[in-house]
Every structure is written in structure tokens, then in C-alpha cells.
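Okay, structure first, notes after.
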There are 2 protein chains.
Amino acid sequence: MHQSATIKDVALKAGCGVATVSRVLNNTGSASPEMRIRVAAAVKELDFQFSEVGRSLQSSTTRTIGFVVPSIANPVYADALQGAQEILTCSGYQMLLICTNYSPESELSAIRTLISKQVAGIVLTVSDAERSEGLSIIRNRGLPHCLLYNNAPVSHESWSVDDKAAAARVAQAFSENLHNQTGFLALNFNKSDRARQRYEGYCVGCKARGMKKPQLLEISEDFEDLTMKLKLFLSENPSITGIFASNDFLALAIVRSARKLALNVPRDLSIIGFDGIDVGLMVEPTLATIVTEPKMLGAGAGRTVLSFINKTEVPKPPSADQTFNFRAGGSLAYLGAESSDDGKITPFPSSFDPTN
Amino acid sequence: MHQSATIKDVALKAGCGVATVSRVLNNTGSASPEMRIRVAAAVKELDFQFSEVGRSLQSSTTRTIGFVVPSIANPVYADALQGAQEILTCSGYQMLLICTNYSPESELSAIRTLISKQVAGIVLTVSDAERSEGLSIIRNRGLPHCLLYNNAPVSHESWSVDDKAAAARVAQAFSENLHNQTGFLALNFNKSDRARQRYEGYCVGCKARGMKKPQLLEISEDFEDLTMKLKLFLSENPSITGIFASNDFLALAIVRSARKLALNVPRDLSIIGFDGIDVGLMVEPTLATIVTEPKMLGAGAGRTVLSFINKTEVPKPPSADQTFNFRAGGSLAYLGAESSDDGKITPFPSSFDPTN
DNA sequence: AATAGAATTGGAAACGTTTCCAAACAAGTT
DNA sequence: AACTTGTTTGGAAACGTTTCCAATTCTATT
């Protein structure tokens, strides 16, 4: 309704200068008890609140951290943001959030926007950390920042899963269960350095264990034709016994597609996912997957940026092998002797395998 | 590294006044072609970008919309935010996000924070829309706002599921499947008017169909003791055949607990959820639930606030009965003649039942 | 009673914009 | 040549703060 009251209004009502009001309200400098009372009364009467805009202009810093992520609909990022939120809130910072929908162009414009809003720092997930224009702008400006879910090029802090190591761990899991030829399923392969690094690490892992080079099954934005693609893929590569999906949603989707093709998971086709979203434990069979801790990573990235801002000690990200765990699940079959059973799986084996 | 360039630096480098730079860059007022070139050159050389802080102070409006939601970890809100994001981005607005973790106190402080940051509008989900202090502050200030997932008291716009009607629809579903006595499972019952309204609507619906009054099963923050609580609940209410869970996560959790008690879902206990998250289709049996459209609601709330700001026509929220659908699923058993079968369920019946 | 020192107070500048206004200048009309 | 008109330009005020500094008032000491 009415325009917000400013510090001038308060000064007028309290019968003093604006400097005094500022001093009283911020508890900086001295003020007589009587004056404090008058100011407090005026504030109450006018329901006064400082304008952060005025403050920011004066102090040339906002208590706001910018976040750039591909999507909030993906629970991995949603959880990471939740973790960061809790950290920021404790320190009195707010979160300015921009989603890029996996588009590198929006990435750059998002960063420009955040810079002109003068955020105090930025946490971001980019499409390609090695050649992100936005990222170099940030560095050039010397803006406190931290990557999230991107493995960092030199001179950038980062909280991330070690994609290559985790993917190699998947190769190990397949290998231990006597799978020799597998596929790698990716979405947006060209738009995500995560997917590429997982593939790379997976190839290395497979090679190291004497497995065949994994075939790449790449799909487009919408899953619509996944079943047909899978059918084609399997007919082109008939000896494939397992598929590593670059995230759990893809893994669940490919399980469904396999079913539609009358394939039994895991007997006919084993699946391993990536991310470790909770749902993986609720489906039948349970999803074998790499478990990550998005909340921890988000919180870490948040703490890192805050530590840059406050010039306090920068928190150490977990070492590479502590950023993930392999979780066994019913979607991964052992191809040895016992594989002749009826393919039955225990309903909810929530057994963790905390490999290093 | 170096301090950001200001409009003054640009003016200096271009050899003109700041007013001219402002005019050229904003394309407001006239400027000679030669001057435009000089300014453009200076901007490029300095990598100049306007400070939104300065602009906001001058225009007394930020291109920022504040969002207050209980949690981003809950996919219902995450999806709603995603929907809103897309709308905001199109209009050049940003999202300032605060999570309250279902705490009414944080709610108020979040709103105060947003007000002092001078957001142009607010989209919010409160704990209790009827008596939210924050909400009345917003109204008193005449700040453009829209409720999300709260059924609105008079004089507030709102995009929300009609909880009462949806809950009544659940009663109908139970009734049609010949269930007579059921329970209602809620978390944070006292902190969420959604849960309360669902219970209320459910009670009304049950009564209307001649069912017994549903028993309330309330659980605390963490699900830990859910199985024991369920056991106790069922022993106290032995004739209960179905449970309406106030959200899908609870529904999935209660399915698990029922299993641990060696109960067959749905033969021994039917479950109906609320929200319609995708996971419900991936579990076995599939979850019967109320399906809602979080993205649509979030986008609608965003559009509403923008329309207030731009004084354009306010979009109409969907009518009450269009805010949800009942989705049949394997977790709901028919208690009539056929109930003597072996309890087998088809794996993925994604059959929708678009009841008005 | 005079003065030193401390406590309290308010004016004004600065932060980075936009916009009003008047000044300077160009070009066309008598 | 003296106007009128229109375009281009820059100075200055305003937006809401904080903070420096100088001015005023108070308290205690001589």
C-alpha cells in the first residue's frame, strides 16, 4: 500500500539525524539511552526495515550467493541446493538461483546476470568446466566461487564426485560379476562434461580389467524412443550383458524399456546407475548404482564460497575416493555358476558396499 | 581482480558525461552516431556491466521475485520452482529462494529478508495461510504476491491443489473398492495446513459415503519408528483395510513398513498416496495416488505475480476439480468378489483415471 | 568557576544509477 | 542576419544507506 519507510522517515519521527538512526540500529558508535528509545519507537511505529539495496550500494556487497545449476527438477541438484541453503541461512546469506536447462548459452547469461546483481559469490555447475567462458569471466573478476559437480581445472575450487574413479568402480563391479561386454547410456552427452568423464573413466576401467570397450548408447532430450533405441542397440551388439547408465533416471528408464522388450533384468540384462537417488531402493529389483551425497557437496561448495568471502580457512573437499560408494543391487546379476537360478531377487536388499 | 568498472569510468574513457552513457546504453534519448561508437568502444574495453544495485536504488525495484517454500528436497516444490523458473527467465526476472524447513518462524524471517531485499514480488507456501503473520505483512505492504500450495484466504491469489476435494476423491476411491474403515497418515500435521485440509476433506468424503471416520496416524520428523507405529496402529484398529497417506513419500514408506510386518500390499492393506510423483509408477505395486502438476502450479504462481507487477491481466488458476486427478494403482485392492485372487498385480499399469 | 576530556549528535560525502533540465549547437525559415 | 526549431550533450538531484568529521553537550577534575 504505502511506500516503505526509509531511514529519513525514522529520523524525522524520532527527531534526530539519519546518522544517529543508523548508529542506533546497527549498534555502531554511541547513542544516549533516551535516543535509543525514541528511535526504537519510531521504527516500531513505521514498521521500518532497512533497504538492503541502499546498504548494498554503500557497502558494495550483497549478502547473496548466486547459484547456477542445470535444473532443479533433477533431485541431485535439488538436494545439493538444499544442502547449500542450510549453510547459507546460518550465515545470513540468501540464494539467488538460476537454472540453465543444460544450455551453455544460458550459462553465460546467467553468470552475467549474477555479476550485475553483484552477488558476493557464485556456486555453479557448468556444461564444460575446461572451456567455460562464464567461468573465466568469474575468475578474471576475482569473484569468490566454487564449482559443484564439475571436476575443477586448476585454480578453481570444486566439490564434485570423482566421475572417472566412480565409473571405473562400475567397471570393477561388472567385471567382478563376470560381465565382459557392456554399454554406456548417456543423455546430453555433448552438453555435460560429467557424462563424458564418466564414459572416459568407464572405458579406462573396462580396459584395465580386460573387458571389451563399452559401446555408447546416446539418447536425445526426451526418452520417448528409448525402447526402440535399446532394441536396435542390442541387436547391433548382441553379446552385451550389462549397461551402465550415466544417471539413475536413465537407469530406471532403461529397466522399463528392457521390460517392454520382454527382457528380464538382471538375468538378460544387468543395469548399473549413477547418483544413488532414494528411489533406486524402492524399485524392484533394486538398482545397483554409484551412491553420491549431493547435500554434502552442495553444503561444501557453499561453505567454500563463504570462506573466500570471509577470508577464513577454505574447507577441504573430500578426497576423490570418498565422493562415492558403490551400492550393490538386484539389477546386477552374477554371470557365474549361480546364474542358472530363476532370476528371483530379494525384494529390499539395502545392503551397502562401502568400498573404500 | 580489479574493481568493476562503473558508468563513470565509461564516461571518462568515452570522453562524455555519465548521462550520455546511460542514454546510449539504455537506448533512451538521443545520441549522435559517433558518440554511440565511442561509448560502445569504452564499454567493450572496460568489460562494463551495469550494477543492478545502483539501478535498483534509482528505480526502487529489483527484477527479482522471492520464493519461500518448505524445502527443495521435496520434488513437489522442486518441480514447482522449476516451472516458475522458466516463466521468470522469459521475463528477465531472477529467483531469490529461501527454504523454511517447515518452520513457521523461519517463514516470517524469510519474508522480512525478502522485503528488505526489495523483491518485486513474492511466491510463497506458508505453514498456515489463515494465520500467517508474514502473509499479512506482505498484504499490508501491498507487495505483489501469490500463494503456492496453500488454499487462499480471501484477498490472496493462489495456485494450489484443492486439498479437500482431492481428499474426498480418495474417499470415493476407497469406497468404490468397498473399503469401509481406513486410516490417515500424516507427518508434521501441526505444521502444514495442507495435511490438515486433506484430513478434513477426507473425513467429509468418508462420511458422505457412509464410511467410518478415518483414524489419524501421525508421525514425527523422521520415519524411523514408522513400522512400530503402524503395528500399534493396526492392532488398535484391527478392522482397517486401507491407509490414505498425505504424500507419496509417506505412502512409499508405509508400504515398506507394511512389508516388514509381513503384510501384503494391497491384499492386507491398501495404500493411496498424494502428489503423484513419478516414482509411484516405478515401484511394485504401483502407487494409487492423487496426481498433481507442480510445474504447472509453480509456473502459474510465477505468472500471477508477474502480472501484478506489470499490471496485466491476472491469469486464472485452474478450477478446483482441475488441480488433481486420481490415478489408479496396484496399491489399492478391490475388496469384493475378486479379492480372493492371489494378490498379483500387473507390473506397470500406467492407466490414468482422469476423473473430473 | 574554568577547562580538559569523553560522549553524543548531525551534516555531508560517497556508493552507481536514471532523469530532469538547461545549455550548446546545427539547420532551416523568414 | 536574426529567428525558430530540433538535436545532442552534460550537470545535478535523487534513490537509501554508512561513515567521516566537526560541532555540541555532558562530566569530572582542577
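By convention in this document, chain letters (A, B, ...) are assigned in the order of the sequence lines, proteins followed by strands, and residues within each chain are numbered from 1. Just so it is clear, the values below take in all heavy atoms, side chains as well, and ignore hydrogens, waters and symmetry mates.
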For the side chain of [X], starting at C-beta, report the closest nucleotide among [options].
X     : options                : value
A:T6  : D:dG16, C:dT9, D:dG10  : D:dG16
A:S51 : C:dT18, D:dG16, C:dA12 : D:dG16
A:R23 : D:dT7, C:dG10, C:dT17  : C:dG10
B:V18 : D:dT18, C:dG16, D:dA12 : D:dA12
B:A19 : C:dT8, C:dT18, D:dG11  : D:dG11
A:M35 : D:dT19, C:dT17, C:dT9  : C:dT9

Quick one: [X] [atom1] to [N] [atom2], roughly how many Å, whole number?
X     : N      : atom1 : atom2 : answer
B:I7  : D:dG11 : CD1   : P     : 13 Å
A:N27 : C:dT8  : CG    : C1'   : 15 Å
A:R55 : C:dT17 : CZ    : P     : 21 Å
B:E34 : C:dA26 : CD    : C1'   : 15 Å
B:L25 : D:dT9  : CG    : P     : 14 Å
B:K8  : D:dG11 : NZ    : P     : 12 Å
A:Q58 : C:dT17 : CD    : P     : 16 Å
A:L57 : C:dT18 : CG    : C1'   : 13 Å

Salt bridge check, [Y] against [X]: does any charged N sit closer than 4.0 Å to a carboxylate O?
X      : Y      : value
A:D128 : A:R196 : yes
A:R131 : A:D193 : no
B:E45  : B:K13  : yes

Minimum heavy-atom distance B:L97-A:L97, with the two atoms named:
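Between these two residues, the closest heavy atoms are CD2-CD2, 3.9 Å.
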Is [X] near enough to [N] that one of its side-chain N or O atoms lies under 4.0 angstrom from OP1 or OP2?
X     : N      : answer
A:S22 : D:dT18 : yes
B:T20 : D:dT8  : no
A:S30 : C:dT8  : yes

If you count heavy atoms of other groups shown closer than 6.0 angstrom to CD of A:Q118, is the number above 12?
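Yes - once you tally the heavy atoms of other residues, nucleotides and ligands closer than 6.0 Å, there are more than 12.
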Looking at every strand, decide which applies to [X] at a 4.0 Å heavy-atom threshold: base, sugar-phosphate, or nothing.
X     : result
B:Q49 : sugar-phosphate
B:G17 : sugar-phosphate
A:S32 : sugar-phosphate

